[in-house]
Participant: 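Below are the structure tokens for one structure; questions will follow.
All figures in this text were calculated on a predicted structure; none of them were measured in a lab. Just so you know, residue 1 is the first one in the sequence shown, and it goes up from there.
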Amino acid sequence: MKLTIEGLQDRDAFRDAGVVTPGFDVAAMQAAGRRHPRWLHLGAGNIFRVFLARIADDLIAAGHHWPITAVVTTDPAGFNARLGTHDLLTLSVILNPDGGRDLRAIAGVCEALVTRREGDLARLFALAADPEVTLVSLTITEKGYAVHDGAGRLLPELADAVATDPHGYQPHAMAVLAALLLTRYEAGGAPITLMSCDNFSHNGDRLREAITVIARGWVQAGSAAESFLAWLADPTRVAFPITVIDKITPRPSPAVSDDLARLGFTDMALATRGRTAMAGFVNAEPTEYLIIEDAFAAARPPFEQAGAHVVAREVCDKFENMKVTTCLNPLHTALAVAGCLLRMPTIDAEMRDPALEALVSRLGWDEGLPVVSDPGVVAPADFLTEVLGTRFTNPYLPDDPARIAMDTSQKLPIRFGQTLLRYRERGLDLGGLTAIPLVIALWCRYLTGIADDGAPFTPSSDPRYEELHAHVAGLSLGGSSDAAAIHAALRPILSDPTLFALDLYTTPLAVKIETLLARLLAGPGAVRTTIEEEMLP
């Protein structure tokens with residue numbers, strides 16, 4: 001049994017395996033979607049395939065023509081492993097806390113284009129000019145929005161893009177989007193919405209800013225008209241709503257792959273490129289939220305009919321504050337860095353560790369909730385209860401701490417910095433915080449690349465890791481690093497507002513973090529001892 005359009009014709013086999021199949025003719029849908037495209041999406045990763053593509057599948061089944069054209073700006077081999085060899089279908093494997101699984105073949109994608117292929121790129125530019133295409137969504141991870149380096153200079157690949165013809169191949173996702181928008185503008189400027197669904201604060205605002213930087217470069221170089229900038233800045237012509245997305249989608253599990261083989265699937269084996277495992281299935285938790293600002297410039301899917309919330313910007317802000325800065329993402333980061341140092345296998349295993357469970361409970365209940373505003377979509381206390389009591393503890397959701405630890409330097413300003421700013425703005429006691437400074441100290445300890453057992457570990461990918469590691473590389477275990485050495489190592493890190501949204505030396509936290517790091521460096525086992533001493537009565 002294979003997950004392909006031809007394979008779906010054997011519906012008895014899928015039914016016997018417990019797989020829900022699409023409620024429409026997939027081949028006909030894909031043909032119609034290619035003739036009449038409406039929705040483009042950049043980034044065909046796991047959360048897109050199991051969530052946004054599922055929304056499109058639901059809407060198509062309900063009679064709404066909103067199939068997605070998936071656009072891949074990275075390695076074509078990754079696309080092939082996930083979608084290309086499966087006729088653009090995805091097998092959704094929902095891992096329920098009771099051990100049950102919900103299997104579904106998702107068919108929300110009608111076409112896929114890889115920008116590194118010349119023919120696909122020409123097709124993409126044609127779609128950009130098509131007035132029927134009114135929505136572009138993205139899931140490319142936060143680092144895909146970066147246009148400047150740590151010194152504020154334009155990234156080299158973007159500097160090259162700005163200096164060349166914007167109508168050709170672009171090596172960076174932001175340049176791809178800017179080029180598509182320029183093509184649309186030159187074709188008459190039909191209204192369009194760009195909807196970031198990446199997991200960081202005010203994603204739509206940052207998307208607009210990144211594209212504007214590139215567009216301004218083209219205008220200055222004479223490659224685009226000055227009026228292009230005015231068109232981009234007009235929200236009735238080009239809209240950039242903010243969104244908040246929430247669904248845990250770990251790397252594909254070998255155990256799930258093996259179980260699917262036992263059910264009769266012959267094409268659900270894992271493929272690996274570098275450190276990334278890929279598969280035709282996505283294993284994920286059942287909980288999901290998609291909160292979208294009601295700020296569209298053109299026709300949009302009826303998202304509400306597929307479980308999403310289209311709301312005022314204020315509601316998005318409140319939900320984001322609750323999830324990203326207090327009740328979920330900071331807790332995830334805490335478990336990620338601690339888990340890597342302690343070599344914990346999964347997030348749920350960490351939640352069965354009394355000291356780590358106490359750390360994230362204090363982080364959420366005692367230090368996060370005081371600065372949360374109720375978004376109305378779900379009460380913060382209920383959301384946090386679900387996170388700590390159901391989502392993180394799900395033993396059937398084998399999420400790797402190293403996956404969560406990826407790009408931590410990019411996440412800290414939002415996951416912790418915003419909370420610290422609110423404490424300061426509201427006159428709350430920063431000096432009374434214990435969990436937040438401990439997590440930051442654990443991250444500084446993580447930057448050494450030495451686990452709690454005293455042996456090296458491989459840190460997760462992070463665009464600033466080498467730079468930050470260099471500051472702490474001279475610190476060693478065993479108490480040989482004195483207070484002056486620790487201060488010298490941490491000063492450039494803790495004073496950097498691009499990491500924490502403020503200079504921590506203007507708060508009582510920096511001294512506390514330095515003291516904690518000294519304890520964390522006392523020797524093998526010091527991480528475990530310090531967490532237990534700080535968090536357990």
Participant: Determine which pairs satisfy salt bridge (charged side-chain N to carboxylate O under 4.0 Å, His left out) with at least one residue from residues 363-386, sequence neighbours left out, and list them in order.
Facilitator: none
Participant: Evaluate T529 against E533 for side chain to side chain donor-acceptor pair (under 3.5 Å), listing each step before the verdict.
Facilitator: CA-CA 6 Å; T529 298; E533 288 176 350; 5.6 Å; no
Participant: Quick check on side chain to side chain donor-acceptor pair (under 3.5 Å): which of D259, N283, N96 does R101 satisfy it with?
Facilitator: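 By the side chain to side chain donor-acceptor pair (under 3.5 Å) criterion, R101 pairs with just one of D259, N283, N96: D259.
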Participant: Quick one: which residue pairs count as a salt bridge (charged side-chain N to carboxylate O under 4.0 Å, His left out) with a foot in residues 442-460, not counting sequence neighbours?
Facilitator: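 Residue pairs with at least one partner in residues 442-460: R343-D453.
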Participant: If you look only at pairs with a residue in residues 39-83, which of them pass as a ring-ring contact (aromatic ring centres under 6.0 Å, His included), with sequence neighbours excluded?
Facilitator: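 Qualifying pairs, neighbours excluded: W39-F303, H41-F48.
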Participant: Would a line drawn from the ring center of F319 to the ring center of Y289 be shorter than 6.0 Å?
Facilitator: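 They qualify: ring centres under 6.0 Å apart.
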Participant: Quick check for you: to the nearest 0.5 Å, what is the distance between C327 atom SG and L384 atom CG?
Facilitator: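 One gets 5.0 Å once the value is rounded to the nearest 0.5 Å.
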Participant: Listed by chain and number, what are the side chain to side chain donor-acceptor pair (under 3.5 Å) partners of S92, not counting sequence neighbours?
Facilitator: none
Participant: I'd like to know if the side chain of E293 and the backbone of I242 have a donor-acceptor N/O pair within less than 3.5 Å.
Facilitator: yes
Participant: Can you name the residues that form a side chain to side chain donor-acceptor pair (under 3.5 Å) with N321, not counting sequence neighbours?
Facilitator: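 Per chain and number, N321 pairs via side chain to side chain donor-acceptor pair (under 3.5 Å) with T325.
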Participant: Which pairs pass salt bridge (charged side-chain N to carboxylate O under 4.0 Å, His left out) with one or both residues in residues 316-332, sequence neighbours excluded?
Facilitator: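 As it turns out, the salt bridge (charged side-chain N to carboxylate O under 4.0 Å, His left out) pairs with a partner in residues 316-332, which skip direct neighbours, are E314-K318.
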Participant: Would T134 and R38 count as having a side-chain donor-acceptor pair, cut-off 3.5 Å?
Facilitator: no
Participant: Does S409 have any side chain to side chain donor-acceptor pair (under 3.5 Å) partners at least two apart in sequence or in another chain, and if so, which?
Facilitator: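 Counting only residues at least two positions away or on another chain, S409 forms a side chain to side chain donor-acceptor pair (under 3.5 Å) with D462.
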Participant: Pairs in or reaching into residues 276-292: which pass salt bridge (charged side-chain N to carboxylate O under 4.0 Å, His left out), with residues at least two apart or in two chains?
Facilitator: R54-E288, K247-E288, E285-R391
Participant: Could you list the residues that satisfy ring pair (Phe, Tyr, Trp, His ring centres under 6.0 Å) with Y145, not counting sequence neighbours?
Facilitator: F200
Participant: Between C110 and T69, is a side-chain contact (heavy atoms from CB on, under 4.5 Å) present by the stated rule, with each step listed?
Facilitator: CA-CA 6 Å; C110 64; T69 300; 3.8 Å; yes
Participant: Quick test of your reading: applying ring-ring contact (aromatic ring centres under 6.0 Å, His included), list the pairs with at least one residue in residues 247-266, sequence neighbours left out, ordered by first then second residue.
Facilitator: F14-F265
Participant: So L135 and I192, side-chain contact (heavy atoms from CB on, under 4.5 Å) or not? Walk me through it.
Facilitator: CA-CA 6 Å; L135 177 66; I192 193 166; over 6 Å; no
Participant: With F457, which residues qualify under ring pair (Phe, Tyr, Trp, His ring centres under 6.0 Å), at least two apart?
Facilitator: Y446
Participant: Which pairs with one or both residues in residues 323-355 pass ring-ring contact (aromatic ring centres under 6.0 Å, His included), sequence neighbours excluded?
Facilitator: H332-F392
